Amino acid sequence: MNTGVISSRYARALLKYVTESGHGEQVYQQACALLKDPDAAMSAPLEPELERFMALLVENGREDLVKLMLTSFVRMYRESAGILMAHLVTVVPAPEVEAKLRSLLESRTGCRVILDSSVDPSLIGGFTLELGDYMLDASVSRQIETIRRQFIIYNNRLV
């Protein structure tokens, strides 16, 4: 049994169902919450569409694939709604940099950008930004590493 094909078919069906019902954003938010913390998210009542979807999974014996299906649904919903996920890592919290980057990315891509940020003091300075397959590393630690490698390469030629 190919779990990837099964999960993507169920996810596509759920996407079509919530799009037709007009509750796509609510189901998307709830699916993201379920994927982050299933126990905490289950304390709140499920959206009717998601509740019917879960009942269908139990009825068909597919409850073991729920996580894969919800992950596929979230990915498909983001694609259909024009939502891009970006991850920003800075040395210190920088809400003004986040706001500027979000607006710049939204104007350049024409999509809504959800910017997830975290703090990593090992960067020394600067930031790293991941947007899909694109990675911008403007950190001081990366620049130091590049200089270190250049010295090693240069010194190996001298020997």
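None of these values were measured; they are calculated from a predicted model.
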Exercise. List the atom of Ser122, the atom of Ser141, and the distance in Å for their closest heavy-atom pair.
Key: O-CB, 3.6 Å
Quiz item: Tell me, do Ser117 and Arg102 make a side-chain contact under 4.5 Å, heavy atoms counted?
Solution: no
Quiz item: Measuring from Leu14:CG to Met54:CE, what's the distance to the nearest 0.5 Å?
Solution: 8.5 Å
Exercise. Mind checking the CD-SG spacing from Glu79 to Cys111? Nearest 0.5 Å is all I need.
Key: 10.5 Å
Self-check item: Parallel, tilted or perpendicular, as decided by the 30° and 60° cut-offs, for the rings of Tyr28 and Tyr77
Solution: parallel
Exercise. Give a yes or no on whether the backbone of Gly22 and the side-chain of Glu49 come within a donor-acceptor separation of less than 3.5 Å.
Key: no
Quiz item: Taking atom types as modelled, is there a side-chain donor on Glu25 or Gln29 under 3.5 Å from an acceptor on the other?
Solution: yes
Self-check item: Residues Arg78, Cys32; criterion side-chain contact (heavy atoms from CB on, under 4.5 Å); working and verdict
Solution: CA-CA 11 Å; Arg78 286 178 183 155; Cys32 289; 4.1 Å; yes
Quiz item: So Ile6 and Met69, side-chain contact (heavy atoms from CB on, under 4.5 Å) or not? Walk me through it.
Solution: CA-CA 8 Å; Ile6 294 169; Met69 291 176 192; 4.3 Å; yes
Exercise. Verify the cluster assignment for Val97 and Leu136: are they in a single hydrophobic cluster under the rule of side-chain heavy atoms below 4.5 Å apart?
Key: yes
Self-check item: Side chains of Lys67 and Leu35 in contact at under 4.5 Å (non-hydrogen atoms)
Solution: yes
Quiz item: Got a second to check how far Gln30's CD is from Leu46's CG, nearest 0.5 Å?
Solution: 5.0 Å
Practice problem: Please determine if Arg149 and Glu145 form a salt bridge, counting it only when a charged side-chain N lies under 4.0 Å from a carboxylate O. | Solution: yes
Self-check item: Glu98 side, atom CD; Leu129 side, atom CG - distance, nearest 0.5 Å
Solution: 11.0 Å
Quiz item: Is Leu131 close to Arg108 at the side-chain level, that is, under 4.5 Å between some pair of heavy atoms?
Solution: no
Quiz item: Which atom names give the shortest non-hydrogen contact between Pro121 and Val91, and what distance separates them?
Solution: CA-CG1, 4.2 Å
Practice problem: Compare all side-chain heavy atoms of Asp64 with those of Thr3 and state whether any distance is below 4.5 angstrom. | Solution: no
Quiz item: Same cluster for Met135 and Leu123 if Ile/Leu/Val/Met/Phe/Trp/Tyr side chains link at under 4.5 Å?
Solution: no
Practice problem: For the residue pair Leu105 and Leu84, establish whether any side-chain heavy-atom pair is separated by less than 4.5 Å. | Solution: no
Quiz item: Which atoms form the tightest heavy-atom contact between Val140 and Gly126, and what is the distance?
Solution: CG2-N, 4.4 Å
Self-check item: CD-CG distance between Glu63 and Leu57, expressed to the nearest 0.5 angstrom
Solution: 7.5 Å
Quiz item: How far apart are the C-alpha atoms of Ser80 and Leu15, what are their side-chain angles, what is the distance that settles it, and do they pass the side-chain contact (heavy atoms from CB on, under 4.5 Å) test?
Solution: CA-CA 9 Å; Ser80 70; Leu15 178 64; 4.0 Å; yes
Quiz item: Can you hop from Leu56 to Phe73 via hydrophobic side chains spaced under 4.5 Å?
Solution: yes
Practice problem: Check whether Tyr134 and Leu115 end up in the same hydrophobic cluster, where Ile, Leu, Val, Met, Phe, Trp and Tyr are linked by side-chain heavy atoms less than 4.5 Å apart. | Solution: yes
Quiz item: Does Arg75 CZ have over 12 foreign heavy atoms under 6.0 Å away?
Solution: yes
Quiz item: Just wondering, do Leu65 and Tyr10 contact through their side chains at under 4.5 Å, heavy atoms?
Solution: no
Practice problem: Side-chain contact test, heavy atoms from C-beta onward, threshold under 4.5 Å: evaluate it for Met76 versus Ser8 and give yes or no. | Solution: yes
Practice problem: Enter the distance from Leu104:CG to Thr109:OG1 here, rounded to the nearest 0.5 Å. | Solution: 9.0 Å
Exercise. Verify the cluster assignment for Phe127 and Ile114: are they in a single hydrophobic cluster under the rule of side-chain heavy atoms below 4.5 Å apart?
Key: no
Quiz item: Quick one: are Leu50 and Leu70 in side-chain contact, heavy atoms under 4.5 Å?
Solution: yes
